[in-house]
Amino acid sequence: MCLRLYIVLVFFIVFSFARAQEIDNRPNILVIMFDDAGLDMSAYGSTYVNTPGFDAIAKDGVLFNRAYTPNAKCAPSRASVITGRNSWQLDAAANHVIYFPSKFKTYQEALLENGYTTGHTGKGYGPALTFAADGSERQVMGPAFNEKTLTPPTIGIGSNDYSANFKDFLDKAPADQPWSFWIGTIEPHRGYEYGSGAKLAGKTTDMIKEFPLYWPDNEITRNDLLDYAYEIEDTDKHIQKVLKTLEERNLLENTLIVVTSDHGMPFPRVKGNQYENANHVPMAMLWKGKSKGKVVDDYISFIDLAPTFLEAAGVDWASSGMHPATGKSLMNIITSEKSGQIETERDYVLVGKERHDTGRPNDVGYPIRGIYKDSLLYLKNYEIDRWPSGNPETGYLNTDGSPTKTEILNLRRKGTNKHFWKLNFGKRVSEELYDIKNDPYCINNLANNSSLEPLKAQLKSEMEAKLLEQNDLRMKGFGHLYEAHPFTRNNDFYGRFMSGEETSSGWVNDSDFEANYIDGEGNTLEKVEVGAKVIKKD
């Protein structure tokens, strides 16, 4: 009897030790998320942005040439990252500035339940409010580590010492448990200190070799880009410090690192849109010993990240408590010896939007769905009577205030040039089709080209079929339900503004508000009559 008990006890100890070893060997997971950075990293060939931190991860790991967010706005984009589902599958979280549905578990919450220590610094998921079903506060990204601060080099850069707060997390994390941490910078989100790129980094406007065709090319807009570049480089310095910390603590070998951005740059016709530069994001991954310096051409979506993290952690998705994933793990790509196209079925991504910022009558959005495939982009605009970037009289609230935005608005107001205003703020047609390879700025709409009609129809059919499979309410005639979810702030901004109530814009300039109504072609109409309005900056 004693011998049998002894054997059972030894077996239990050996099994427990083996299980502990298995848990100990699971990789740490680190996500570094830029806020509003486009494909402007030197690893992608940028001539005016230098990012040695991002480049080092790309060189030793995986550089993705075709990584996309499904929805180019902060909250819905991040919602896809943390759930593995497209924004149109997330109820209220299809939108911006909302109450995150309590029924959707995040990958951080799932990892926490499976032995990981979790946390974040800076901007996690948001802007939104996150509550559990009982109304209690919910930490969808884990506890915040924001105590360490620094003196920022410009007024546009935040004081969070991201790399120091990461160290703080590591100091407090149990040494015998794997961890998952999220570093969310608020750079290069607006605003910028104008001229900082030239003054503090010695950048010159001639460093920009490819200038977007949808903006006026002048000293003001080019300096706006240089200031944006400076903020990217400031964040990249934190990436370099984070890599050094991981190396010093012997954690680099067993940490899966992902560096990306929630969407494209905070400029007109980019952030908040569904064009190439809006949805196409930088992405590099590093897992020492498993990822071996390659460039990947597969179409990748943000919905693929959460499945990747759970597979790396050995957590079964079906038993994790998370809603079924639409995305597919990237583990095979990370560990593959190949470069280029690795998985043939990854030949498309779906994109779309519902409602972003407030500013339209009745708080409606500007619904779009689209598909990227074979270097083509097909877009369907469902409410073309609405203003794509928000109503002119309330400041085009889906486009952040900036020197570039001001230049474009003033060119139309002066009667000098309506072309750029039409491209950035004018009303759109029902269908758009672009050849991304030859027209990366999506200027030449090919939707009415009769010779391409069969191709357009094929893309539309494939897009709609896949969206139906994902139970997209827009495909079922119930798209209005996405707009029924309330904002957490600035509800009925348009109605309150037009009635003369004191309103606060905050993220746009006071001068962005148009004094006259405008038609879809940019012609000035009658004066906007409102009560005694006062526009204040937050």
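Note that the structure is a prediction, hence the values are computed from the model and not measured.
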Worksheet item: Taking side chain as C-beta onward, heavy atoms only, is Tyr99 less than 4.5 Å from Thr130?
Response: no
Worksheet item: Side chain of Ser77, backbone of Cys74: donor and acceptor closer than 3.5 Å?
Response: no
Discussion item. Quick check: do Arg355 and Pro367 have side-chain heavy atoms less than 4.5 Å from each other?
Written reply: no
Worksheet item: Regarding Tyr275 and Glu432, is there a side-chain donor-to-acceptor distance under 3.5 Å anywhere?
Response: yes
Worksheet, complete the sentence: When rounded to the nearest 0.5 Å, the distance separating OG1 of Thr106 from CD1 of Ile82 is 5.5 Å
Fill in: Side chain proximity check, Thr260 to Phe34, heavy atoms < 4.5 angstrom
no
Worksheet item: Among Asp227, Asp400, Asp224, Asp35, which residue meets the salt bridge (Lys or Arg N to Asp or Glu O under 4.0 Å) test with Arg190?
Response: Asp224
Practice prompt. Could you tell me whether the side chains of Asn160 and Asn165 share a donor-acceptor contact shorter than 3.5 Å?
Written response: yes
Worksheet item: Donor-acceptor pair, Ser336 side chain versus Ile333 backbone, under 3.5 Å?
Response: no
Item to complete: Determine yes or no for a side-chain-to-main-chain donor-acceptor pair under 3.5 angstrom, with Thr51 supplying the side chain and Gly53 the backbone.
Response: no
Practice prompt. Could you please spell out the steps behind the side chain to side chain contact (heavy atoms under 4.5 Å, CB included) verdict for Ile32 and Val258?
Written response: CA-CA 6 Å; Ile32 303 176; Val258 180; over 6 Å; no
Item to complete: May I ask you to decide if the ring planes of Phe166 and Trp179 are parallel, tilted or perpendicular, using 30° and 60° as cut-offs?
Response: perpendicular
Worksheet entry | Residues Thr121 and Asn146: side-chain donor-acceptor under 3.5 angstrom | yes
Worksheet item: More than 12 non-hydrogen atoms from neighbouring residues, nucleotides or ligands closer than 6.0 Å to CD on Glu137, yes or no?
Response: no
Worksheet item: Is it true that Tyr372 and Tyr299 have ring centroids separated by less than 6.0 Å?
Response: no
Discussion item. Before you tell me yes or no, could you show the steps for Arg249 and Asp171 under salt bridge (charged side-chain N to carboxylate O under 4.0 Å, His left out), namely the whole-Å CA-CA distance, both residues' side-chain angles and the distance that decides it to 0.1 Å?
Written reply: CA-CA 11 Å; Arg249 300 191 182 207; Asp171 290 340; 2.9 Å; yes
Worksheet item: ring-ring contact (aromatic ring centres under 6.0 Å, His included): which pairs involve residues 250-274, sequence neighbours left out?
Response: Trp215-Phe267, Tyr228-Phe267
Worksheet item: For Lys167, does the NZ atom sit with more than 12 other heavy atoms under 6.0 Å from it, leaving out its own atoms?
Response: no
Practice prompt. Keeping the roles fixed (side chain from Tyr482, backbone from Leu473), state whether a donor-acceptor pair exists under 3.5 Å.
Written response: yes
Item to complete: Please say whether more than 12 non-hydrogen atoms of neighbouring residues, nucleotides or ligands are located less than 6.0 Å from CD in Glu247.
Response: no
Item to complete: Examine Arg66 relative to Tyr348 and say whether NZ or CZ is less than 6.0 Å from the centre of the six-membered ring and inside a 45° cone about the ring axis.
Response: no
Item to complete: Measure the acute angle between the ring planes of Phe145 and Phe169, then classify it against the limits of 30° and 60° as parallel, tilted or perpendicular.
Response: perpendicular
Item to complete: Mark yes or no for whether Arg474, through its side chain, and Gly479, through its backbone, hold a donor-acceptor pair below 3.5 Å.
Response: yes
Item to complete: Describe, in one word, how the ring planes of Tyr214 and Tyr441 are oriented to each other, choosing from parallel (under 30°), tilted (30 to 60°) and perpendicular (over 60°).
Response: perpendicular
Worksheet entry | Test salt bridge (charged side-chain N to carboxylate O under 4.0 Å, His left out) applied to Asp168 and Lys172, step by step | CA-CA 6 Å; Asp168 190 25; Lys172 297 174 182 177; 3.5 Å; yes
Worksheet item: For Lys105, does the NZ atom sit with more than 12 other heavy atoms under 6.0 Å from it, leaving out its own atoms?
Response: yes
Worksheet entry | Ring-face cation contact, Tyr162 with Lys241, 6.0 Å cut, 45° max | no
Worksheet entry | Aromatic Tyr116 / basic Arg26 pairing, under 6.0 angstrom, 45° off normal | no
Discussion item. Please tell me whether Asn398 and His96 have a donor and an acceptor in their side chains that are separated by less than 3.5 angstrom.
Written reply: no
Practice prompt. Using only heavy-atom distances, determine whether the side chains of Gln108 and Ser180 contain a donor-acceptor pair under 3.5 Å.
Written response: yes
Discussion item. Is it the case that atom CD in Glu113 sees more than 12 heavy atoms from other parts of the structure closer than 6.0 Å?
Written reply: yes
Worksheet entry | Asn471 and Gln89 side chains, donor-acceptor separation under 3.5 Å | no
Worksheet item: So, Asp55 versus Ser42: side-chain donor-acceptor pair below 3.5 Å or not?
Response: yes
Discussion item. Check this for me, if you would: do Arg138 and Glu109 make a salt bridge, where the nitrogen-to-carboxylate-oxygen distance has to be below 4.0 angstrom?
Written reply: yes
Worksheet item: Is there a donor-acceptor contact under 3.5 Å linking the side chains of Asp304 and Ser301?
Response: no
Response to the item:
Partner of Tyr107 under ring-ring contact (aromatic ring centres under 6.0 Å, His included), picked from Phe309, Trp317, Tyr125, is Phe309
Discussion item. For a 4.5 angstrom cut-off between non-hydrogen side-chain atoms, does Leu39 reach Asn277?
Written reply: no
Worksheet item: Is it true that a side-chain atom of Thr255 and a backbone atom of Ile257 form a donor plus acceptor pair closer than 3.5 Å?
Response: no
Worksheet entry | side chain to side chain contact (heavy atoms under 4.5 Å, CB included) assessment of Val62 paired with Trp287 | CA-CA 9 Å; Val62 185; Trp287 189 355; over 6 Å; no
Discussion item. Just so I know, are the side chains of Thr185 and Glu231 near enough to count as touching, which here means a heavy-atom distance under 4.5 Å?
Written reply: no
Worksheet entry | Pro307 vs Lys328 side-chain heavy atoms within contact, under 4.5 Å | no
Worksheet entry | Side-chain heavy-atom pair Tyr68, Ile300 within 4.5 angstrom cut-off | no
Worksheet item: Within the side chain of Glu233, is there an N or O that forms a donor-acceptor pair under 3.5 Å with the backbone of Asn50?
Response: yes
Worksheet item: For Gln341, does the CD atom have more than 12 heavy-atom neighbours from other residues, nucleotides or ligands under 6.0 Å away?
Response: yes
Worksheet item: Between Lys466 and Glu469, is there a salt bridge with N-O shorter than 4.0 Å?
Response: no
Worksheet item: Is it true that a side-chain atom of Ser261 and a backbone atom of Ala37 form a donor plus acceptor pair closer than 3.5 Å?
Response: yes
